[in-house]
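Data first, discussion second: the structure below is written as structure tokens.
When a ligand or atom number is given, it counts from 1 through the structure's own listing order.
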Amino acid sequence: MIKIEKVSKKFKDLAVLKDISLEINKGEVIAIIGPSGSGKSTLLRCINLLEIPTSGKITINGVELLEKGTEVQKIRQNIGMVFQHFNLFPHMTVLKNMTYAPMVVHQISAEEAEKQAIALLERVGLQEKVHEYPSKLSGGQKQRVAIARALAMKPEILLFDEPTSALDPEMVKEVLEVIKSLAHTGITMVLVTHEMGFAREVADKICFLDEGRVAEIAPPQEFFSSPKSARAQQFLDKVL
Ligand code: ADP
Ligand code: MG
């Protein structure tokens, strides 16, 4: 479903991604891990073209993103993104946060959008917060709303960039539970995370990035029990 071929990205002279190649199948959950500054966020942002690769090829559902004439906006609508800092609209209620984009982009009625929003809020356990403003929610609740909001667009692909890194420890679990409940339901998930236990439990494969390169791709059992690259071994020694 997502094919990344020899993608490189430079910011001025700084080479941040170097010759990244990676394939992600439909419905798969892939965890991207690696040291801070290794290019994880940049790689994720290249998938929905929040960053434009300097070279290389990205194909989603057979459509080449960087080719002239590709309707980038349309492809983006099919890709949800959940950020470390939630990025909810502060001046909108939870309901409005969730109904806004589907109404504008999918042109569904307010009634339909609200019905769908409430069903999704139930799914993340927050139906009682429907009329609250984000400032009234805890970090964990905000992130669960952000996930529900992403789902409201019915994306085929969901990107997570360290979705629990900004949370107090007691809220990490509730967010991971929600992410886990979405895994292997058909949606393709690319998850940048420092939660190694979670990656091991939920991901189908682990992609270890080091200094802008894919140092290793392996199933979690293999990666965590016997990483092949020295860099991955060093990284795991530090974080586990
Ligand atoms: P990670 O998410 O693994 O911590 P990032 O992808 O955020 O890594 O960053 C990789 C490198 O690219 C870092 O050195 C960072 O400073 C640099 N970088 C990221 N975004 C930009 C940008 N917009 N302009 C310049 N440098 C950037
Ligand atoms: Mg990052």
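- Residues passing the salt bridge (charged side-chain N to carboxylate O under 4.0 Å, His left out) test with E177: none are found, sequence neighbours excluded.
- For atom 8 (O) of ligand 1, the nearest protein heavy atom (residue, atom name, distance) is G39 N, 3.2 Å.
- Around atom 4 (O) of ligand 1, the closest heavy atom drawn from S38, C46, G37 belongs to G37.
- For the residue pair V214 and S21, the shortest heavy atom distance occurs at CG2-O, 4.1 Å.
- There is a protein heavy atom less than 4.0 angstrom from atom 22 (C) of ligand 1.
- Atoms of ligand 1 found under 4.0 Å from any heavy atom of P35, numbered from 1 in the order shown, are 3 (O).
- Ionic pairing of K26 and E156 is present here: one or more N-O contacts between side-chain nitrogen and carboxylate oxygen are shorter than 4.0 angstrom.
- The 12-atom threshold is exceeded at CZ of F224, counting heavy atoms of other residues, nucleotides or ligands nearer than 6.0 Å.
- Annotation for E128: atom CD counts as buried by contact number, over 12 foreign heavy atoms lying within 6.0 Å.
- Considering all non-hydrogen atoms of both residues, I30 and C207 come closest at CD1-CB, 4.0 Å.
- Annotation: atom 12 (O) of ligand 1 to nearest protein heavy atom, V16 CG2, 3.1 Å.
- Distances between N or O atoms of L14 and those of ligand 1 include no value under 3.5 Å.
- Of the protein's heavy atoms, T42 OG1, 3.9 Å lies nearest to atom 9 (O) of ligand 1.
- Here T164 contributes atom OG1 and Q84 contributes atom CD; the two are 8.5 Å apart, rounded to the nearest 0.5 Å.
- For the pair P220 and I206, the tightest heavy-atom approach, listed with the atom from each and the gap, is CA-CG1, 3.7 Å.
- In this structure, G34 has no heavy atom closer than 4.0 Å to ligand 1.
- The Mg ion (ligand 2) does not have T42 among its coordinating residues (no N/O/S atom, backbone or side chain, under 2.8 Å).
- Shortest contact from atom 27 (C) of ligand 1 to any protein heavy atom: F11 CD1, 3.3 Å.
- For S41, a nitrogen or oxygen atom sits less than 3.5 Å from a nitrogen or oxygen atom of ligand 1, counting backbone and side chain alike.
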